[in-house]
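Everything below concerns the one structure shown next.
Reminder, nothing fancy here: chain letters follow the sequence lines and each chain counts from 1. Owing to the predicted nature of the structure, the values given are computational and were not obtained by experimental measurement.
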Amino acid sequence: MPSGLFGKKKRALQEEEGRLRRRLAELSRLPTLPGVHLKDEVAKISQRLRELGRVRGRGEGASWEKVKLARHPERPYALDYIGLMFPGFIELRGDRCFADDPAIVGGLAAYQGRTLMVIGHQKGRDLASRTHRNFGMPRPEGYRKAQRLMRLAEKFGIPVLTLVDTPGAYPGVAAEERGQGGAIATTLACMARLDVPTVAVIIGEGGSGGALALALADRVLMLENSIYSVSSPEACASILWKDAAEAKLAAEALRLTSSDLEDLGVVDEVLPEPRGGAHRDHAAAARIVKEALEENLRQLELMKPDRRRRERCGKFRRMGVWRENGLTLF
Amino acid sequence: MPSGLFGKKKRALQEEEGRLRRRLAELSRLPTLPGVHLKDEVAKISQRLRELGRVRGRGEGASWEKVKLARHPERPYALDYIGLMFPGFIELRGDRCFADDPAIVGGLAAYQGRTLMVIGHQKGRDLASRTHRNFGMPRPEGYRKAQRLMRLAEKFGIPVLTLVDTPGAYPGVAAEERGQGGAIATTLACMARLDVPTVAVIIGEGGSGGALALALADRVLMLENSIYSVSSPEACASILWKDAAEAKLAAEALRLTSSDLEDLGVVDEVLPEPRGGAHRDHAAAARIVKEALEENLRQLELMKPDRRRRERCGKFRRMGVWRENGLTLF
Amino acid sequence: MAQRGSVEISPRGGGEKRADSCPACGAPMDAEELAANLRVCPACGHHFPLSAGERIELLADQGSWEEIATELRSDDPLGFYDLRPYHERVEEAEYETGLSEAMLVGTARMHNMDVVLAVMDFRFMGGSMGSVVGERFWRAAELAAEARYPMVAVCASGGARMQEGMLSLLQMAKTTCAVEMMASVPVPFVATLTHPTTGGVMASFATLADVIVAEPGALLCFSGPRVIEQTVKEKLPEGFGRAESNLEHGQIDMIVPRRELKDRLVQVLGMLE
Amino acid sequence: MAQRGSVEISPRGGGEKRADSCPACGAPMDAEELAANLRVCPACGHHFPLSAGERIELLADQGSWEEIATELRSDDPLGFYDLRPYHERVEEAEYETGLSEAMLVGTARMHNMDVVLAVMDFRFMGGSMGSVVGERFWRAAELAAEARYPMVAVCASGGARMQEGMLSLLQMAKTTCAVEMMASVPVPFVATLTHPTTGGVMASFATLADVIVAEPGALLCFSGPRVIEQTVKEKLPEGFGRAESNLEHGQIDMIVPRRELKDRLVQVLGMLE
Ligand SMILES: [Zn+2]
Ligand SMILES: [Zn+2]
């Protein structure tokens, strides 16, 4: 959540930006009438928007740049982080029901003399591994495996770390028939109930409900160049702009970058990446994640399970912005 | 468990019967030698066995008769009992995972001003319903539905009644691939953990692990003409006698009748059936089950959940007969 | 905060445009006859959508509906603009439906049983779940947990409200926590899924209910048919995602025709209390 | 009750009949070479069965094995006779395997970690689970729960011991309750499934473990291939019921070659403690 003057100022700039963009959109819809010259206003607004962009740390198309970085094929994936952070990681597989879903990996990691349960979406890098990992798009059995591992972690008092990186849950007929919606929902419920500390890190693409399913955590951290979005910019553009090619516009509008989401109070902490992005230096990225994990776990482990659970639910209860009796609540 | 003199006497008769049958089997394997006349001994043993049979309440082939009664096509099935015992029963369906398995039915029943969760194997009567119900042979999703309903019952403090009537879990490739073994095991574990009162009634065919899965209950009742067996007599005969036609012999040897199992301490109570068998009078059979249910629930509801669970596990812990340091323990 | 009285049904009767013929069987439709039949096609049983108002009329005992959280309104936290500004779309939805948002919550009696009702209306921006829907659901759940009333949710939703970005997605987490709040009492929570319930609602509170009831023919899925066809190019089987398919695949407890819905819900709740 | 020292391995070395060639790849087998390679075919990696004694040698630190419940022996509660009396079959199995039953239980150290071991031997009446197997498993679980030692079970079983009738089937319920006893502490319970593990063992404690490990190629199923072919006349797919198929279908956590088994088990247990 934004706090103090800094947050208020950010919000004011944000509101101004929104106002200007809406006006720009209105202008663009006006029919061209003889004698009416909109060019000046358009130019003025565009100028101010560029200024605001600089102030808020992004130029035009900055969100789209983040989308490309978040999807960068050399960006470290869950198993890269796991390999670098947790030597001796033991993968546990299967939902005990239908299948093992390679789009979600999970297992036990030795960590500072204790154990962690690490669960993450997993993409592939070459054609074979991409196909094997289904491009990081889980089916219901992936979510059910995640739940099984979370319950196992809870049984033995093991904290849970999730690594979020998926375009979204797989939109296929069989996945639907096996209850994709319910699988995501019950994973959310499982995370809401857990009485062990939970930390989620958005490491790449946080795509829609398929990503959120692993991110109902005590702490939600986000790597600087990751994105986290209600829908892919492409899908959003094709629905709202009726044109997938407007993905760049949608990327900006959706506020899916780490700094946007920090402003909105959606993530608790943004983790800086190595210069140029995590793909330039996997080891450094892993060190950054590990340090943040350490600090957050340290804090969480001081709390009683009840309080942790209460605060977790309290945090998600506060998500959202609405007006009530004239007041805007955030 | 047999108790007091009555139990001891029964057990002595049982042991004598076993001894005689073993001797008979030995004799039948001896080569016919000139000058050796076994006929007298065989005749003597057979005579004594008939006497014992009368004493223990069964003639030759009595077990096989029970098998036929237990499988009688007019015998009331789970939904027949439910219809007669619980007007207004609301069926709940699905495992929330893969399918709804019609071989197991379950739902909410209003009962004496409270609610019961009733779960049972369901066979079909005509060709269409038999196929639909898969002859009462559940697939993993049937067991997972049962678990879901048991957990729902536990959430709201609702006692669980199970009605057991299946030739066994379905032995198919896809059922195996979806984890038939694990599905049965986790159903057993679910029943072991439940903190609501549980009553199981063997109403027909209690076939193997597929039946037991629904019968790890505080009280296991058994209708007089039901059977409850480690394997079907046919399967047992084909494995041990190498000849499925010896099913009659196997039926006798397996001790699968209600009186056998009462002797062995496997069931807590045998419920008498209407004259000629439950198929002759469904309504009377249902009344008998309902009365027994009422009495058992009444007793169980007086106990604290912890004690109920402890006694439930304690009961199953005592199942089995072994020798230790020369003593036979039962 | 509570506002007594029955809900305002929009002048047109609360539904979307009334068809001249049944889209399922082609039978000619008389608007009044349809309304008298609970908006179920007398010829084939096709269930036409109900507005939130009609739904409340169907379920709540006469005059028992008391709406809460009435003053909650959408804000525009992202300053969202696509082809039109978000606030304009909201205002249009308000005007066209006569509703304040895509979900109304409140208390009611059903056959004299006190319940909390949460009712969605697909006409309001496709029943999309934004901050107000999430907050209303939360307050409804809180009331249910505190008063120990069971909750009945009637779902109809296209998913998250994209115009609120991640804040709308997070309503899935928020409503999940709300369901957990009810479970910890516990109070019974029954969901009624109506045509269509998809996306974020299907992947949060709708499928977390103790008992899940659906109306016949309702499309119930996470990814909609169009997304599946366009994204992964799969051919959809006959009846894909419909209530009947969901029942077969173990995802819902029962399908209940609208005429029997209220009675059935009351029976279920009565047994869980 | 504990009996110190290493297990008696039968004079023939504890395995079943030693093959002259590998049944998987046909490579000629030298018995000594095979034994030196932990009874894994050096040519193709096929895992030959191990006796309980060999298994304990493989897993327990030298000299650390202490068997418990050694005096438990099968009785004949049913007076069971088929083509031969039950007691005769038991005596034959005792004689041929040098074991007292199809499962041995006791404590051991694995890389200096105290554990409870429960090890089955398929040669003893097909590793069938009767009253003694159930009671030994119970005592092992009880010891694990009391001493807070993790438990490792090594399974190999054809299912319930038919000659004890329903009493054998009920060992599924009994061992399930034993697993629950460990879970309530909790102490970690890891199952190692070896060729073949089927029937009642597969439908009780084996699949209730916190982590399920399998040896390569092991047949793991509830209904065996022959039952499926004969009863429902289905054609079995290539590799049906094998560890590899179970892994793909989500039923087990991992497949571990015998050479790495001890290390892996210790790692897993170390992380769960
Ligand atoms: Zn029609
Ligand atoms: Zn070989």
Quiz item: Is there a side-chain contact (heavy atoms from CB on, under 4.5 Å) between L161(B) and I119(B) once you walk through the steps?
Solution: CA-CA 6 Å; L161(B) 165 67; I119(B) 302 169; over 6 Å; no
Exercise. Decide yes or no on side chain to side chain donor-acceptor pair (under 3.5 Å) for E205(B) and T166(B), but give the supporting numbers first.
Key: CA-CA 5 Å; E205(B) 223 179 335; T166(B) 177; over 6 Å; no
Self-check item: S226(A)/R75(A) under side chain to side chain donor-acceptor pair (under 3.5 Å): CA gap, chis, key distance, verdict
Solution: CA-CA 10 Å; S226(A) 296; R75(A) 197 167 168 82; 3.1 Å; yes
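Among the residues in residues 86-102 of chain A, those with a non-hydrogen atom closer than 4.5 angstrom to a non-hydrogen atom of chain B are R96(A), C97(A), F98(A).
Between D268(B) and R219(B), none of the side-chain N atoms (NZ, or NE/NH1/NH2) sits under 4.0 Å from a carboxylate O, so this pair counts as no salt bridge.
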Result block: side-chain N/O donor-acceptor pairs under 3.5 angstrom for residues 189-197 of chain A, not counting sequence neighbours:
residue: R193(A); atom: NH1; partner: E180(C); partner atom: OE1; Å: 3.3
residue: R193(A); atom: NH1; partner: E180(C); partner atom: OE2; Å: 2.9

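Cation-pi geometry between R139(A) and Y170(A) is met: under 6.0 angstrom from the ring centre, within 45 degrees of the axis.
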